[in-house]
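One is the number of the first residue; the rest follow in order along the sequence.
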Amino acid sequence: MSSTLTSSSPARQAFLGGLLIAVIGAILFSAKAIVAKLMYRYHVDAVMVLTLRMIFAFPMFAAVAIWKARTEPALSRSDYLRIALLGLIGYYLSSFLDFLGLQYISAGLERLILFLTPSFVLLISFFFYKRKVGWIEWSALLVSYLGTALVLAHDIKTGGSNVPLGSLLVLGAAMTYALYLIFSGELVRRVGAIRLVAYAMCMSTVACLIQFFVLREPAALVQPFEVYQLSLINAVFCTVLPVFLTMIAVARIGAPTAAQAGLVGPVSTLFMGAVLLDEPITAIQLVGTALVLSGIYLLSRKKNLSLNPRR
């Protein structure tokens with residue numbers, strides 16, 4: 001009896017430690033929306049927010065990419081092409097649509113829409129890959145979409161005419177990231193999650209810089225110090241750090257449990273938005289958030305559902 005308790009105690013401590021890491025990673029990921037909203041107060045747009053985020057994050061991801069390239073087997077040309085495509089879909093286009101949408105909707109609604117990504121993975125798998133979907137999963141989808149619709153209807157009444165546009169843009173971000181998750185499944189197993197993310201982020205940085213210099217003059221990079229400060233926070237604490245924290249958590253407690261810990265994200269965004277952005281918290285928002293989290297929790301219980309770290 002005592003030996004069982006003794007042997008289980010370190011295992012439980014390791015599990016709780018991994019769970020805490022997953023929760024911290026989810027909160028930091030969610031804070032990205034808050035930081036972007038704060039940057040918009042300095043009259044920058046989504047192009048600038050995304051470009052500065054990737055410029056500051058690039059050295060860290062490049063260092064990991066170089067380390068992996070030197071310590072692991074070389075990849076084929078087709079692998080590099082697939083990683084480049086995934087980087088464009090999952091970390092460039094998805095992030096750009098997300099930041100565009102954040103110009104028009106609240107941080108809380110943005111996080112709820114993004115949390116529908118697993119449901120889009122499920123629907124795409126059902127319609128295009130003929131994956132069987134049980135009644136519990138259909139119920140989870142219905143509950144999640146009902147919760148999002150509830151919050152969306154509330155925000156349309158209180159947030160103005162641009163809320164539908166912003167919601168559609170963030171919905172596009174969720175859908176493109178769902179495509180990234182589906183297409184990256186086999187490649188993650190062969191290449192490794194950390195290596196894939198590092199390479200894809202580097203590709204995304206190149207795309208962001210090309211976009212910036214096509215749409216903006218180089219002088220536009222001159223911004224107030226506060227913009228650089230927020231961009232550094234966005235890159236380090238809302239991008240690089242949560243990526244690796246989530247990887248560590250998945251290794252310690254498994255992807256399904258890490259995904260469930262990620263449910264703290266929308267809740268943390270709601271309260272951070274209230275404290276830092278003066279976004280109101282209403283009963284309808286709380287009910288809608290609870291419905292979305294309940295639906296995604298049910299989906300996350302399915303162990304065969306691919307859930308990679310959120311960008």
Side-chain angles (χ1 to χ4, degrees), residues 6-36 53 56-57 59-65 67-68 71-72 90-91 95 98 107 110-112 114-115 117-118 121 177 180-181 184-185 188-189 191-201 232-273 275-276 289 292-294 296-311:
T6 303
S7 62
S8 64
S9 181
R12 178 170 177 76
Q13 290 178 358
F15 174 82
L16 293 177
L19 189 62
L20 178 61
I21 291 172
V23 168
I24 293 173
I27 293 174
L28 291 178
F29 267 131
S30 300
K32 173 202 67 177
I34 306 299
V35 175
R53 175 204 191 197
F56 282 110
M60 290 167 276
F61 284 117
V64 174
W67 167 51
K68 288 293 183 179
T71 57
E72 297 187 4
Y91 293 113
S95 294
D98 184 27
E110 179 259 5
R111 185 51 42 177
L112 283 186
L114 286 183
F115 249 68
T117 296
V121 172
Y177 197 73
Y180 165 83
L181 290 177
S184 66
V188 167
R189 289 188 288 271
V191 175
I194 293 178
R195 191 179 190 184
L196 176 61
V197 169
Y199 285 12
M201 279 291 192
L232 184 61
I233 293 173
N234 196 9
V236 176
F237 295 101
C238 304
T239 305
V240 178
L241 188 57
V243 163
F244 293 114
L245 286 176
T246 304
M247 294 293 183
I248 294 171
V250 168
R252 290 191 178 188
I253 62 177
T257 305
Q260 292 164 26
L263 296 178
V264 73
V267 178
S268 66
T269 303
L270 200 63
F271 286 98
M272 284 190 289
V275 173
L276 299 175
T289 301
V292 173
L293 295 184
S294 298
I296 300 304
Y297 174 78
L298 290 175
L299 287 181
S300 69
R301 298 293 296 178
K302 305 296 290 184
K303 295 185 184 298
N304 59 343
L305 181 63
S306 175
L307 287 171
N308 284 8
R310 195 75 185 100
R311 68 223 173 284

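- Here the OG1-CD1 distance, from Thr117 to Ile296, works out to 8.5 Å after rounding to the nearest 0.5 Å.
- The side-chain heavy atoms of Lys32 and Thr239, taken from C-beta on, include no pair separated by under 4.5 Å.
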Side chain to side chain contact (heavy atoms under 4.5 Å, CB included) between Phe237 and Leu232, worked out: CA-CA 8 Å; Phe237 295 101; Leu232 184 61; over 6 Å; no

Worked verdict on Phe61 versus Val240 for side chain to side chain contact (heavy atoms under 4.5 Å, CB included): CA-CA 7 Å; Phe61 284 117; Val240 178; 3.5 Å; yes

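- Asp98 is not listed as a side-chain neighbour of Tyr177, based on a closest heavy-atom distance of 4.5 Å or more.
- For the atom pair Leu276 CG and Thr269 OG1, the distance stands at 11.0 Å (nearest 0.5 Å).
- Note on ring orientation: taking the six-membered ring where Trp is involved, the planes of Tyr180 and Tyr91 are perpendicular (angle over 60°, cut-offs 30° and 60°).
- With values rounded to the nearest 0.5 angstrom, Phe271 atom CZ is found 13.0 Å from Ser30 atom OG.
- Counting heavy atoms from C-beta on, the side chains of Val292 and Pro266 never come closer than 4.5 Å.
- To the nearest 0.5 angstrom, Asn234 atom CG is 11.5 Å from Ile34 atom CD1.
- Heavy atoms only, all atoms of each residue included: Ala261 and Ala22 are closest at CB-CB, 3.6 Å.
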Chi angles and distances behind the side chain to side chain contact (heavy atoms under 4.5 Å, CB included) call for Val197, Met247: CA-CA 10 Å; Val197 169; Met247 294 293 183; 3.7 Å; yes

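- Nearest heavy atoms, Arg53 versus Ser95: NH1-OG, 3.3 Å.
- Atom OG of Ser268 sits about 9.0 Å away from atom CG of Leu28, to the nearest 0.5 Å.
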CA sep, side-chain torsions, deciding dist, call: Val236, Met60, side chain to side chain contact (heavy atoms under 4.5 Å, CB included): CA-CA 9 Å; Val236 176; Met60 290 167 276; 3.7 Å; yes

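- Of all the heavy atoms in Ala33 and Glu110, the pair that sits closest is CB-OE1, 3.3 Å.
- Atoms CD1 and CD1, from Ile253 and Ile248 in turn, are 11.5 Å apart once rounded to the nearest 0.5 Å.
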